[in-house]
**Q** 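I have a structure I would like to understand better, so I am pasting it below and will then ask my questions one at a time.
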Amino acid sequence: MQFRTRTSAISMPKGEVKRDVLLRMAAFVWHHYRWHMLLVLLGVVVASLTSLVSSLFTRTLIDDYIVPLTQVDNPQYASLAQTLFKLGLVLLLGTLCSYGYNRLMISISQGTMLQLRKAIFQRMEHLPLTYFDQHSHGDMMSVYTNDVDSLRQMISTAMAQFFSSVITIVATFTSMVVLSVPLTLVSVLMAVVMVLVSRWLGGRSRAFFRSQQQSLAQVNGFIEEMMTGQKVVKVFCHEQQALSRFETINEQLRAASYQANRIANIVMPVNANLGNLGYVLIAVVGATLVLSPQLSSFNIQLTLGTIVAFLQLNKSFTQPITQFSQQLNSVLNASVGAERVFALTDADPEVDEGRQVLDNPKGDVDFQDVDFGYTPQKQILFDIDINTQPGQKIAFVGGTGAGKTTIINLINRFYEIQGGRILYDGIPLTDISKPSLRRGMSIVLQETHLFTGTVLDNIRYGRLDATDEECRQAARLVGADDFIRRLAKGYDTMLQGDGGNLSQGERQLLAICRAAVANPPVLILDEATSSIDTRTERLVQQGMDRLMQGRTTFVIAHRLSTVRNADQIIVLDHGRILEQGTHDELLRLHGRYYHLCTGRP
C-alpha cells in the first residue's frame with residue numbers, strides 16, 4: 001500500500017535560470033513599490049558614494065597631511081582635525097542612508113509577499129477544478145510558504161545588495177581609472193576571474209536548488225496527506241510503511257539541499273581568497289611602479305597615498321562581487337521559487353465565455369446527446385439524453401463508476417463537455433455566465449467541508465446575505481435545529497478542523513442547511529444522506545422533502561428507498577443510460593433496476 005498526493009508538482013520551465021524570471025520579479029516589486037524603490041536607490045547611491053569618498057580620502061590623508069607632518073619639527077594638527085570631522089559627517093550621512101534603505105527594504109519585502117500571496121490566491125480562486133485534480137495540495141501550499149519566503153529573503157537582502165554593488169563598481173572603477181590605469185587593469189582582471197567562478201559554480205548548483213524546492217513540496221504534500229489520512233494509517237497498521245516512505249522523500253530533500261548548498265557555499269570563500277590575491281597583486285605592482293624610477297618615462301608615477309587609496313578602492317571594487325556571491329544561495333533559491341510562483345499565477349484560469357444572466361431561473365435542465373471525458377483519450381459519458389420539467393425529482397442509480405457524479409458535475413460546469421448540449425431553461429450552459437448559473441443551483445456533496453467559524457457562519461455560506469433567522473429556518477427545515485441547540489453555544493459554536501467536534505452525520509446536516517438557505521430552483525444531492533444513520537435519515541427525510549418541494553432536484557443515492565418517489569429514475573452503467581422512468585415503470589421492465597431492487601440475478 002502506498003500513499004500518493006494527487007498527481008504532479010507545479011510545472012516549471014526546465015534548464016538554466018533565465019533572467020526574465022528575476023526581471024519579472026523586479027518588475028512586480030517596482031509596480032507595487034515604485035516610490036519606495038526610488039528612495040532605496042537614492043539611499044544606496046548616497047551610502048555608496050560616501051564609502052567611495054572615504055577610500056579616496058586615504059590618498060589625501062597620506063599625501064597632504066601625514067607625509068608633510070612627518071617632515072616638520074612642529075606639526076600643526078588643526079587642519080587635519082577639521083578635515084577628519086568633515087569626513088566623519090559624510091560617513092554618518094552614509095550610515096543613516098544605509099540604515100534607512102535597509103529598513104525600507106524590509107517593508108518592501110514584506111509588502112511584496114503580501115501582494116504575491118494575494119495574486120496567487122486570486123488566481124487559485126479562478127482555476128478550474130481540473131487543475132486541483134492534477135496538482136498536489138501540499139505542493140500548492142509549498143508555493144504559498146516556502147517559495148514565497150525564498151523571494152522575501154532575496155528581496156530584503158540581495159536586491160539592495162545588487163543595487164549597491166552596481167553603483168559601487170561603476171563609481172569605484174571610474175576613480176581607479178583616474179588614479180592608475182595599469183593598476184585598474186590588474187583589478188579588472190581579478191574581478192573577471194571572480195565573476196566567471198561565481199557563474200560557473202552558480203550554474204552547477206542551480207539544478208540542485210530546483211530539485212530542493214520540488215523535494216520540499218513533495219515532503220509537505222506527503223505530510224499533509226498523512227495528517228488527513230491518519231485514521232486510515234492506524235486502522236491498517238501502516239505506520240511503519242508511512243515512516244519508511246517519509247524517510248525516503250526526506251532523504252531526497254536532504255541530498256538535494258546538501259548538493260545545492262555544498263556548491264553555492266564555497267562561492268563566497270573562493271571569491272574572498274581571489275579578492276585577497278588581487279589585493280596582493282595590486283600591492284606588488286604598485287610598489288614596483290613606485291620603486292622603479294625608469295618607469296617615469298612611461299608617465300607612470302605613483303605616490304604612497306595613491307597606492308594605499310588604490311588598495312582601498314580595489315577592495316571596494318571586488319567586495320561587491322564577494323558579497324553578492326554570499327547571497328548566491330538566496331538568489332538561486334529565489335529564482336526557483338519565482339518560477340514556481342509564476343507557474344501558478346500563469347496557469348490558465350477557468351474559461352467563462354457565457355454572458356447571459358439568469359434573472360428568474362425556473363430550473364428546467366436538459367441533456368441533449370452529451371459526451372464527456374476527463375481527458376480526450378478516455379470518454380466517460382456517451383449520448384446522455386435527459387429531459388426534465390421544473391420541480392421534478394431526478395434520481396441517478398448505478399454501480400460505482402457508472403457516471404452519476406460526473407453528470408452532476410457537468411450541470412455546474414465544473415468540467416466542459418466534448419459533445420452535445422446541456423440547457424438551463426432552454427439556454428445552453430455555455431451562454432450563461434458561470435456565477436449566474438451556479439447561483440441558480442445548490443449542491444450537497446458526498447464529501448462535506450466546513451470552514452473555521454461558527455455554525456451560523458457555515459450555514460450562511462450558502463447565501464452570504466442571509467439573516468440569522470433565515471439560517472435558523474433552514475436548519476429547522478432539514479431537521480438540524482435540535483442537534484445545533486444541544487451544542488455548547490448553539491448556533492454560535494465555533495467549528496475548527498473541518499468540524500472535527502461534530503459527527504460525520506452532523507457535518508452533512510450542516511451542508512444540507514447550507515443548500516437550503518441558498519433557496520435555489522435547482523438542488524443537487526450527491527449522496528447527501530450517506531453519512532446519516534437510518535433513524536436520523538427518517539427524521540431528515542421530511543425536511544428534505546419540504547426542501548425539494550417545487551425545485552428541480554437531482555439525487556444520487558445508493559439506498560434505493562430514497563429514490564422510489566422520484567419523477568424520473570435514470571439507470572446508468574459505464575457512462576450510458578440503460579433505463580429511464582418511474583419506480584413502477586422500471587420494475588415492470590424487469591431490467592437492471594428491477595435486479596437492483598430485488599437483488600435477483
Side-chain angles (χ1 to χ4, degrees), residues 5-13 21-22 24-33 36 106-156 213-214 216-221 223-225 227-228 333-352 412-415 433-435 437-439 443 445 447-454 457-458 460-465 495-499 514:
T5 49
R6 272 178 168 73
T7 53
S8 61
I10 302 295
S11 59
M12 300 185 301
V21 175
L22 294 178
R24 182 176 175 182
M25 190 67 245
F28 184 91
V29 176
W30 177 261
H31 174 73
H32 292 282
Y33 294 95
H36 291 75
I106 293 174
S107 176
I108 291 170
S109 64
Q110 292 298 332
T112 301
M113 299 308 98
L114 172 73
Q115 297 296 334
L116 272 177
R117 287 190 292 266
K118 180 180 177 181
I120 296 170
F121 194 83
Q122 284 179 337
R123 177 48 57 99
M124 186 185 74
E125 289 299 292
H126 291 89
L127 291 174
L129 285 181
T130 51
Y131 189 91
F132 299 94
D133 292 339
Q134 297 167 2
H135 293 85
S136 157
H137 291 174
D139 190 44
M140 295 180 68
M141 281 300 302
S142 186
V143 174
Y144 280 96
T145 54
N146 301 313
D147 296 318
V148 168
D149 188 65
S150 69
L151 292 172
R152 176 195 61 78
Q153 296 178 39
M154 183 196 73
I155 293 171
S156 61
Q213 291 300 96
Q214 291 173 338
L216 183 58
Q218 188 178 9
V219 168
N220 288 339
I223 293 173
E224 185 256 351
E225 188 177 53
M227 290 176 66
T228 56
N333 211 16
S335 68
V336 175
E339 283 184 276
R340 288 170 51 81
V341 167
F342 292 136
L344 180 52
T345 59
D346 291 343
D348 294 331
E350 186 176 21
V351 176
D352 184 11
N412 290 276
R413 283 193 70 193
F414 288 158
Y415 302 95
S433 73
K434 287 185 177 180
L437 172 68
R438 291 167 183 171
R439 279 193 293 267
I443 182 170
L445 298 171
E447 295 181 3
T448 61
H449 184 84
L450 300 179
F451 298 91
T452 299
T454 65
D457 292 336
N458 274 275
R460 188 179 286 113
Y461 205 86
R463 181 163 58 88
L464 297 180
D465 60 351
L495 302 180
Q496 295 180 342
D498 199 14
R514 186 185 293 165

**Q** Counting only heavy atoms not in M141, do more than 12 fall under 6.0 Å of its CE?
**A** no

**Q** Out of curiosity, F121 CZ to H126 NE2, how far, rounded to the nearest 0.5 Å?
**A** 10.5 Å

**Q** To the nearest 0.5 Å, what is the distance between CG on L114 and CZ on R152?
**A** 14.0 Å

**Q** For side-chain contact (heavy atoms from CB on, under 4.5 Å), just list the numbers for L151 and M113, CA-CA rounded to whole Å, side-chain angles, deciding distance to a tenth of an Å, and then say yes or no.
**A** CA-CA 8 Å; L151 292 172; M113 299 308 98; 4.0 Å; yes

**Q** How are the rings of Y131 and H135 set to each other: parallel, tilted or perpendicular (split at 30° and 60°)?
**A** parallel

**Q** Are any of the side-chain heavy atoms of L127 and L344 separated by less than 4.5 Å?
**A** yes

**Q** Between CD of Q122 and CD of Q115, what distance do you get to the nearest 0.5 Å?
**A** 9.0 Å

**Q** Mind listing the closest non-hydrogen atom pair of M25 and L116 along with its distance?
**A** CE-CD1, 3.8 Å

**Q** Taking all atoms of both residues into account, what is the closest heavy-atom pair of Y144 and R117, and its distance?
**A** CE2-O, 4.0 Å

**Q** When you measure from the side chain of R123 to the backbone N and O of A347, does any donor-acceptor pair fall under 3.5 Å?
**A** yes

**Q** With a cut-off of 6.0 Å (strictly less than), are more than 12 heavy atoms of other residues, nucleotides or ligands near CG of D149?
**A** yes

**Q** Yes or no on side-chain contact (heavy atoms from CB on, under 4.5 Å) for T112 and F28, after CA distance, side-chain angles and deciding distance?
**A** CA-CA 8 Å; T112 301; F28 184 91; 3.9 Å; yes

**Q** Would you name the heavy atoms of I108 and Y33 that are closest together and state the gap between them?
**A** O-CE1, 4.1 Å

**Q** Kindly give the heavy-atom pair with the smallest separation between N412 and R438, and that separation in Å.
**A** O-NE, 2.9 Å

**Q** Could you check whether any side-chain heavy atom of M140 comes within less than 4.5 Å of a side-chain heavy atom of I120, counting everything from C-beta outward?
**A** no

**Q** Can you tell me how far CG of D457 sits from CZ of R514, rounded to the nearest 0.5 angstrom?
**A** 11.0 Å

**Q** Starting at OH of Y415, measure out to OG1 of T130 and round the result to the nearest 0.5 Å.
**A** 7.0 Å

**Q** Which atom names give the shortest non-hydrogen contact between R413 and V351, and what distance separates them?
**A** NH2-O, 4.0 Å

**Q** Would you name the heavy atoms of S150 and G337 that are closest together and state the gap between them?
**A** OG-CA, 3.9 Å

**Q** Can you tell me how far CG of N458 sits from OG1 of T452, rounded to the nearest 0.5 angstrom?
**A** 8.5 Å

**Q** Would you call D147 and R340 a salt bridge, using N to O less than 4.0 angstrom?
**A** yes

